[in-house]
Structures are given as structure tokens and as C-alpha cells.
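Only one structure is covered here, and it is reproduced in the block below.
The chains referred to below are lettered A, B, ... by the order of the sequence lines, with proteins before strands, and numbering in each begins at 1. These values consider heavy atoms only, across backbone and side chains, with no hydrogens, waters or symmetry-generated copies. Remember, it's a predicted structure, so these values are computed and weren't measured experimentally.
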Amino acid sequence: MPYPEELKKLIKTVESTRAERVERKKNDQEVPFMTLDERHDILQHHPDFKEEGRRELQAGPSKGYKIAHEMADLLEAKSRVDPDKINLENIDHETDVLIIGGGGAGTAAALLAQEQGVRVTIATKLRHGDANTMMAEGGIQAATKGHKDSPYYHYLDVMGGGHFKNNPDLVETLVTKAPDAIKWLESLGCNFSKFPDGTLHTIHGGGTSRKRMHYAADITGAEMMRTIRDEARNRPGQIDLIEFSPAVELILNDKGECAGAVLYNLETEEYLIVKAKAVVMATGGCGRLHIQGFMTTNHYGATADGIVMGYRAGVPICFLHTVQYHPTGIVFPEQAEGILITEKFRGSGANLVNIEGQQFVNEREPRDVEASAIIKECVVNEKGVPTPTGKLGVWLDSPMIDMLSGEGTVEREFPGKYILFKRYGIDISKEPMLIYPTLHYQNGGLDFKNTGETDVPGLFVAGEVGGGIHGENRLMGNSLLDIMVYGRIAGETAGKYAKEYTNGGKLTLEHVVKYNKEIDDAGVGGGRVAPMILPDYTDPRTREKQLTTNYVGTLR
Amino acid sequence: MSTTTEQTAVEAKMIPIYVMGKKYEVPETLTIMKALEYAGYKYIRGCGCRGGVCGACSTVYRKPGDYKIYTGLACQTVVEPEMYLTQLPFYPANRATYDFHALEGNPEEIFGLYPELFRCVACNACSKVCPMDVEVMDYIAALKRGDIAAAAQISFDCIQCGLCASRCMGELPQYHIGQLARRINGAYLTPRAEHLATMVANIEAGRYTECLNKLKSADEDELKRLYTEERELEPAQAGEDWTPKENVCL
Ligand SMILES: Cc1cc2nc3c(=O)[nH]c(=O)nc-3n(C[C@H](O)[C@H](O)[C@H](O)COP(=O)(O)OP(=O)(O)OC[C@H]3O[C@@H](n4cnc5c(N)ncnc54)[C@H](O)[C@@H]3O)c2cc1C
Ligand code: SF4
Ligand code: SF4
Ligand code: FES
């Protein structure tokens, strides 16, 4: 729906200060960046700092670690199926490398594993490519322009963004393998935006010291995802695909090695056994847990399943005490709530503006700082803009972009968002957007090494499900990078491991039995089962009448 | 486990819609996707990104007294009174298999892999049905002329939902052909980035190893110092040829 009268009036205030703000932008007169101390202060308004939002885990390898209740609820839960009912001798599918999750990390891993000369199977929850990767718009970082940038500066930026807590080995590998990942995508036919001579377009993102964000119009992730998915489809018989079949448990063998997974066919409701020599966990993020009630940018299947499975199998978790809220999610119109407005809008010159038409923060602060500043402006300073549904937001002044870079820039550079808003009768090249922070990225995850290995032999990790690369806060563009770099590494390591793997042992779900017992002993299960698989958005009044269904995720 | 954030409690006017012919009353402000969930459906198919980019949720509908077929993405389209709809989460379409690196990137290769390209009768049903407003017929026409770059450009916003294939007179799998065109365009018709290849070679030759080792062994205070004091920021409006004053570790 178009802006109602009240909001149109408030837009007038934004317009009244626009010309002056555009002038300042042109002259590089920015609101100064915050010092590290100022950052520290403003972060007190970040949801991560709410003590009542988290609790100490009572079970598993990271017992005692404090994380969000919504995540803790899933880790302090029992298996979806009684492990004793599963007959592990009845194998439905056998492969060398099983990849769990058909997003960017999983698909890159599948390609590289296959190139080691082994058979690969991808098992995924929805369709191949229905993933957060498909949704990424803004871009992918890599230091590719030697006259002004290098992995050295990329490293510093990554560490600064992550509050200097990141795992140095993981960061080093990320930044040194970055250009090669871009080159690989280029060779597979990914259409990055380029100058006519082939030079890649690069722009800034929050927290970058050099313009090193590469992009493919405003659908970078989709362009990457559909390119590598197409390549995976070119290798039938070597890369098999099982869709609509999420994994619900890992299978180990009696030597403690990872040896496959139990899948759940969402359509027939059967549980299936896949036996493998190596498993790559690439299930992505957790936005659909709606931590602290936040709206989310994530796809439908982002429910942290991989964390639950890996944790039960014995892999510790790290950096899950921080969750990333993207500063700019749509709050109006309501139908588009939570949807991400890429940072590129700010990189291209759009200001964040309060109800009085004033800019209140530099638009290129790291995400957690930026999000905290918006929350503070709305909640503490009371300068937010009220929406018709009673929420608060601030303006993202997109029309500035056309004024800075010429009429038609918004439509050309942001076709996706331009069309989306146009459907609701809002022309974002003429009217600003109303935004608020939205749950976006799972900074932490399963602990792993820069080879993709975990504490469990035969279990490898890649992508958003892993933790450590981004420390306490990921910078824009480093996740698409991480899934390519580490997807390829995990695939290669797993492929080589599977190729050389000879022994093998008896399959077991003993670790699940034990975990269930630990939950019972600690008295914390609360009748919950996990992983969640899919969120439930049924209207509560309807659900009340669904008397014979036992809604716990999709468990029917 | 109920996660109800997607539904707002605010009361909106209720309107009737027909889901596969069956009537439901839903709030008029919801998208088709949220309206179905409101009604009690739980998605397995027909829902993916919920953000208009994955192509899982294509929906076909009509309005009373109107002969036209309308299409849209369930996650993006707001319900209308009396609309009657069905989702089409999947539509079979043949896809050719090829060894991408063995291609040379010429139109004849596409003609060979997809000879049905020439079965197009230029009826334009595909463009009309596309929920992304892609001019599907135009990219097919461009390919028939051998203009791969144009096809890549015209098809760029395709989310591979399959609706075009469902309506095609010539039984073409348009979106698979478009995908091949885009890959050829990216890898063979666009110049490779030289600065990228140079950087990869420099990294492999160990040009930055020493600098990175220094960073890796630095303690947190030293890192913070380097971050705040020795990290020159490229100005937002700087041009392509900007160079930093300090060229440490370049
Ligand atoms: C809207 C949006 C915009 C973004 N923009 C950017 C950006 O501009 N730059 C950037 O660097 N990053 C961006 N990100 C972050 C980035 O896209 C993701 O972090 C990254 O793509 C994650 O990749 P992945 O392969 O690890 O996970 P995903 O791409 O989410 O893939 C995980 C896959 O695993 C499947 N899965 C989940 N559970 C199971 C299970 N139990 N069994 C089997 N399969 C399962 C899922 O269905 C999915 O297909 C963005 C994210 C979002 C949501
Ligand atoms: S071109 Fe075809 S597959 Fe692509 S979005 Fe349009 S209708 Fe869907
Ligand atoms: S629907 Fe098929 S036949 Fe008709 S214009 Fe499109 S591609 Fe050609
Ligand atoms: S759910 Fe992905 S396009 Fe609608």
C-alpha cells in the first residue's frame, strides 16, 4: 500500500533537509565515524546486550555458555524421532560425501568434492537453492585491486568488524583465498558487474577501508547461486540431489566418526538412512527463530538445524552469543516486513534520517553499531517514525541517490527493490523507505578449523552454520565470501578424506540416545523436540482448532 | 513451536479469497502467502525465500468477471477480494547437460543443446505470464538471432519459477536456456578482470605472507592501534584510480 497521509506529511520534513544533505555528501562531509569507545557505548542498545534475552546452556559440549533463549530452546530439546526405532541396517542411500544443505556453501562444497573423484549427494530441506544465498543482494568482498587494497587491509577490516575476537586462522584463509573464489565464479560464468574492459565494479560496505565489494546488479547472491547450481546440475550421476528431505540427525559409527545422516522426507513423512564416508554440514542460519521477537530477512528454512545436529554429535559452538540484526529491514508496508534493504543503498549515498529530517549516524558504521544507533534513535531518543501498525522506524532517503548519481540510478542499480515498492505504489527514487533493524545473520555457530574439519572425524562444516570467521559481528559481503571460500575448502577436504577412507565401522545413533538422556537428567527439555525444520505461521486461533494435529515444527 | 511474528495482531478488514476453489476469509492487507498461512495452510512446497527472489511460490489467479490470467509471486502479491488462485510450485522442463568448460561460447552450441529454441512461435504468452516482468519472448528471440549478450541481459531478473515454460506453445524450457546464455556471457563474452588474475598470482607468490603473519601475531591492542591509526579510508566518492597515501603491504 502507498504511504498514508500521516506518513506523506512526515516525508515533507525529509524533503526539506534533502538538498542540504546531498550537498554535504557531495563534499564528503560525513557524520564522523564513532571512536572505539563510542562504539562500545552505543552497543549497549544492541539486543545482544539484553541480559534477560539469554541463558546458560544446561547440556552438551558447550554447557554453561550463554546464548539466546530461542537457540537454547532448540539445543535443550530431544530428538524428533526415537533413535531406537530407527533401523540403521536398512540403508536407503549410500554415497561418498553427503552434503547437508543446498545453499551456496553446500553447492560449492559439492562441486569441489566431486572434483576429487568421489560420489556426492546433496540432501536439502526445500528446493536446491532455496536458501539465504539466493537472497543476498549487496555483494561479496575480496581485495582484488592491488593498487589500493590487499588481503592485509581486508584482514584488518574483518577483525575490526568482529571486535577483534575472530579466529585469526579462519580470517587469514578467508582473505587470502578471497580473490581466487571470485576468479572461480568468473570462470563459471557468474555475471559480476564490470566496466567494459573487464575491471570489476567495487564499492564500499559498512566497515570497509577500501572499496572491495563486488556485485552482480542487486542480486549478487542469486547470480552466484544459480550459476553454481547450474554447474552442479551438469554433473548428474556424480552429484545426486535429494530435495524436500532435511537431515534430522547425524549418524556416527562405533569409532566415533561421522558416517551419514537420517533424513526426513517432508512429503511422505518417512525417515531415511543415508550412509556416507564424509559429511559436510552446510545448513545456513537461524533467522526463522525470530530471536527476541525480531522480524527477519532469512528464507523459510533458516531454523538452525545444523547447529542442533552437530552439537548433539559433539561439536562445540562458538560466537552464538551474538546475533546480527541488519540495520535496514522494511517496516512499511507491512506485507514486506523484515525484507532486507541492502547496505548498497547507503553505500550509494542514501542517508538515515529521523522524524525531524536529521541524519543521526554515519551510514557506513559496522552493522551492530548502525543497528544500535537506529534502535537508540527510536527507543531512547524518541525520534522514530511511527508506522500505521504501531511500529517504529527511521527513513532511508533513497531519492538522494538519483540526485547524487543522476536520474534513473535507483531504478537501474536496485531493480529488485524498485519493483517491489512499485507494486505497493511507492516510488523509492522519489520517496524514502521506512526501515528498522531485522534479524539477519547468525554470527556464530559450530566450531571448525580452516580446513573445514571439526572435532568429529568425517564431519566438516561450511558457511553460516560455522562460527569464528566473523567474530562477534560479520561485515557485509564477507558471508557470500565465506561460503565460497569455505564451501570449496570443506568440499575438497571432505572429498579427499572420503577418497582415502577405508575402514568404516558399525553405524550408531548412540550419541542421540545419550543426548536425550542428558536433557532428561538436566530436566530442561520441556517437552520440546528439535531440529525445528520449518517455522509455524498458522494463525493461533486456527491452530487452536487443529485438534488432532500436534504442531511441533512439521511433526504431524 | 510457534513463531507468530509473521502475523500481525492488528485487525484488518476481512475479504474472501478462493484457494483452489475453496473460500477463506483473510485480512485484506496480507500477501497471498501469509493469507494461506493465516487460513491454516502450512507450506512445504510453494515457499522458499519469502522475499521474491527464489521462484518457489509462483501463483496463477483470476478475478471474477475478467477473462485474463494473472500471475504473481505468493510472497509478494497482496490478496484481492474474490480472487481465485492456485500455486504452481513446480513445472517440468527439460534441461540439457553440458561440459561448461569445453564450450566456446557461440550461438551454435546453444542451438545444438536446445534445438527446440526454433519451435518458438512468438506468441508472447511467456512474457505476459512472467511474474518478474522479464521480456521472455525477447530473450528467446535474441538467442534465435545469435545475440547471447542481449539474451543474458534481458533474462537477468529471471528467478526460474517455471511459469513461462508452463504456457509455452513451443514447449521450450526458456529459463534453462536463459541460464546457459548468462553463463556463456559471463565466462566467454565479457572480458576477464585482469586485476583479479594479477592479485591471485601475487597471493600465490607470497607477496602478502609476511604482512599477514605480522597481523596474526599482533595482540588485540596492537590490532586496535593498526585499525584506528594505520588504516587509511578510501573516501566514499573516490574514483577508480584512487590510491592510498601509505602503501604499506600493497
Ligand atoms: C536477505 C539477505 C541478504 C544478504 N546479503 C548478503 C550480502 O549482500 N553479502 C553477503 O556476504 N552476505 C549476505 N547475506 C548473508 C549470506 O547470504 C548468507 O549468510 C549465506 O548465503 C549463507 O550461505 P549458506 O550456504 O551457509 O546457507 P544457505 O544459503 O542458507 O543454505 C543453507 C541450505 O541448507 C538447507 N537446510 C537447512 N536445514 C537443513 C536440514 N536440516 N537438512 C538439509 N538441508 C537444510 C536450507 O534449506 C538451505 O538450502 C544475506 C542474507 C540474507 C538473508
Ligand atoms: S522468465 Fe520464466 S522462469 Fe524466469 S521469472 Fe519469468 S516466468 Fe519465471
Ligand atoms: S511462450 Fe514459447 S512460443 Fe510463445 S513466445 Fe514464449 S517462447 Fe515463444
Ligand atoms: S518464496 Fe521465494 S519468490 Fe516467493
> Does the distance from a Lys or Arg side-chain N to an Asp or Glu carboxylate O, for B:Lys216 and A:Glu172, drop under 4.0 Å?
Replying inline: yes
>> If you count heavy-atom pairs within less than 4.5 Å of chain A, which of B:Ala96, B:Gly55, B:Pro89, B:Ala218 leads?
In response: B:Gly55
> Given a strict heavy-atom distance threshold of 4.5 Å, which part of A:Asn298 is in contact with chain B: side chain, backbone, both, or neither?
Replying inline: backbone
> Between B:Gln76, B:His195, B:Glu230, which shows the greatest number of heavy-atom pairs under 4.5 Å with chain A?
Replying inline: B:His195
>> Please classify the contact of A:Tyr153 with chain B as side chain, backbone, both or neither, using a heavy-atom distance under 4.5 Å.
In response: side chain
>> Which one wins on heavy-atom pair count under 4.5 Å against chain B: A:Arg226, A:His204, A:Glu243?
In response: A:Arg226
>> Apply side chain to side chain contact (heavy atoms under 4.5 Å, CB included) to residues B:His101 and A:Leu188 and explain how you reach the verdict.
In response: CA-CA 8 Å; B:His101 292 299; A:Leu188 288 170; 3.7 Å; yes
> At what distance, to the nearest 0.5 angstrom, does SG of B:Cys54 lie from CE of A:Met134?
Replying inline: 7.0 Å
> At a heavy-atom separation under 4.5 Å, does A:Lys194 approach chain B through its side chain, its backbone, both, or neither?
Replying inline: side chain
>> Which atoms of A:Glu137 are under 4.5 Å from chain B, going by heavy atoms: the side chain, the backbone, both sets, or neither?
In response: neither
>> Measuring only between side-chain heavy atoms, which start at C-beta, is B:Thr190 closer than 4.5 Å to A:Phe192?
In response: no
> Given that the side chain runs from C-beta out, which part of B:Arg207 has a heavy atom under 4.5 Å from chain A: side chain, backbone, both or neither?
Replying inline: neither
>> For chain B, which candidate among A:Ala336, A:Ala143, A:Gly129 shows the most heavy-atom pairs at distances under 4.5 Å?
In response: A:Ala143
> In terms of heavy-atom pairs under 4.5 Å, which option from B:Leu233, B:Ile203, B:Leu180 contacts chain A the most?
Replying inline: B:Ile203
> So, do B:Lys34 and A:Glu334 sit near enough that their side-chain heavy atoms are less than 4.5 Å apart?
Replying inline: no
> Can you list the steps and then say if A:Arg127 with B:Gln160 is a side chain to side chain donor-acceptor pair (under 3.5 Å)?
Replying inline: CA-CA 12 Å; A:Arg127 300 181 315 171; B:Gln160 316 203 346; over 6 Å; no
>> Under a 4.0 Å threshold between the charged nitrogen and the carboxylate oxygen, would B:Arg182 count as salt-bridged to A:Asp230?
In response: no
> Between CD1 of B:Ile44 and CG of A:Leu534, what distance do you get to the nearest 0.5 Å?
Replying inline: 7.0 Å
> Looking at CZ of A:Arg235 and OG1 of B:Thr97, how far apart are the two atoms once the value is rounded to the nearest 0.5 Å?
Replying inline: 12.0 Å
> Side chain, backbone, both or neither: which part of A:Arg346 has an atom under 4.5 Å from a heavy atom of chain B?
Replying inline: neither
> Is chain A contacted by the side chain of B:Phe90, its backbone, both, or neither, given a heavy-atom distance below 4.5 Å?
Replying inline: neither
>> I'd like to verify something: which residue of A:Gly338, A:Gly221, A:Ser150 has the highest number of heavy-atom pairs under 4.5 Å with chain B?
In response: A:Ser150
>> At a 4.5 Å cut-off on heavy atoms, which part of A:Lys125 comes close to chain B: side chain, backbone, both, or neither?
In response: neither
> Considering all heavy atoms of both residues, which atom of A:Arg210 and which atom of B:Pro244 are nearest to each other, and what is their separation?
Replying inline: NH1-CG, 3.7 Å
>> Show the nearest heavy-atom pair for residues A:Thr542 and B:Ala39, with the distance to one decimal.
In response: CG2-O, 3.7 Å
> Does the side chain of A:Met159 come within less than 4.5 Å of B:Leu226's, by heavy atoms?
Replying inline: no
> Does the side chain to side chain donor-acceptor pair (under 3.5 Å) test come out yes or no for A:Asn234 and B:Asp99, once each step is laid out?
Replying inline: CA-CA 7 Å; A:Asn234 274 344; B:Asp99 178 350; over 6 Å; no
>> Quick check: do B:Pro191 and A:Asp197 have side-chain heavy atoms less than 4.5 Å from each other?
In response: no
> So which of A:Leu185, A:Thr227, A:Leu340 has the largest heavy-atom pair count under 4.5 angstrom toward chain B?
Replying inline: A:Thr227
> Does NZ or CZ of A:Arg233 come closer than 6.0 Å to the centre of the six-membered ring of B:Phe100, within 45° of the ring's axis?
Replying inline: no
> Less than 4.5 Å apart, any side-chain heavy atom of A:Lys183 and any of B:Met199?
Replying inline: no
> If you count heavy-atom pairs under 4.5 Å between each of A:Glu223, A:His299, A:Met135, A:Glu186 and chain B, which one has the most?
Replying inline: A:Glu186
> Between the side chain of B:Glu234 and the main-chain N/O of A:Lys211, is any donor-acceptor distance below 3.5 Å?
Replying inline: yes
> Which value, rounded to the nearest 0.5 Å, describes the distance between B:Lys214 atom NZ and A:Tyr152 atom OH?
Replying inline: 6.5 Å
> Measuring from B:Leu250:CG to A:His147:NE2, what's the distance to the nearest 0.5 Å?
Replying inline: 9.5 Å
> With respect to chain A, which residue among B:Arg192, B:Glu220, B:Glu204 yields the maximal number of heavy-atom pairs within a distance under 4.5 Å?
Replying inline: B:Arg192
>> If you define the side chain from C-beta out and look only at heavy atoms, does anything of B:Arg231 sit under 4.5 Å from A:Asp157?
In response: yes
> So which of B:Ile159, B:Thr31, B:Leu196, B:Val53 has the largest heavy-atom pair count under 4.5 angstrom toward chain A?
Replying inline: B:Leu196
>> Would you say that B:Glu240 contacts A:His201 through its side chain, given a criterion of any heavy-atom pair below 4.5 Å between the two side chains?
In response: no
> How far apart are the closest heavy atoms of B:Tyr227 and A:Gly161, and which atoms are they?
Replying inline: OH-N, 4.3 Å
> Under a 4.0 Å N-O cut-off, is there an ion pair linking A:Glu231 with B:Arg183?
Replying inline: yes
>> Are the side chains of A:Leu156 and B:Leu215 in contact, using a 4.5 Å heavy-atom criterion?
In response: yes
>> Which atoms of A:Ala131 are under 4.5 Å from chain B, going by heavy atoms: the side chain, the backbone, both sets, or neither?
In response: neither
> chain B heavy atoms under 4.5 Å from A:Ile182: which part of the residue, side chain, backbone, both or neither?
Replying inline: both
>> Other residues, nucleotides and ligands only: do more than 12 of their heavy atoms fall within 6.0 Å of CG on A:Asp169?
In response: yes
>> If I take atom CZ from residue B:Arg50 and atom CD1 from residue A:Ile339, how far apart are they, to the nearest 0.5 angstrom?
In response: 10.0 Å
>> Using side chain to side chain contact (heavy atoms under 4.5 Å, CB included), reason through B:Leu212 and A:Tyr155 one step at a time and then give a plain yes or no.
In response: CA-CA 8 Å; B:Leu212 283 166; A:Tyr155 186 103; 3.9 Å; yes
>> Walk me through whether A:Thr538 and B:Tyr38 qualify under side chain to side chain contact (heavy atoms under 4.5 Å, CB included).
In response: CA-CA 5 Å; A:Thr538 313; B:Tyr38 178 91; over 6 Å; no
> When only pairs under 4.5 Å are counted, which of A:Asn132, A:Thr297, A:Leu200 shares the most heavy-atom pairs with chain B?
Replying inline: A:Leu200
> Taking every heavy-atom pair that is under 4.5 Å apart, which of B:Gly72, B:Gly51, B:Cys47 has the most such pairs with chain A?
Replying inline: B:Cys47
>> Taking side chain as everything from C-beta outward and backbone as N, CA, C, O, which of these in A:Pro333 sits under 4.5 Å from a heavy atom of chain B? Side chain, backbone, both or neither.
In response: neither
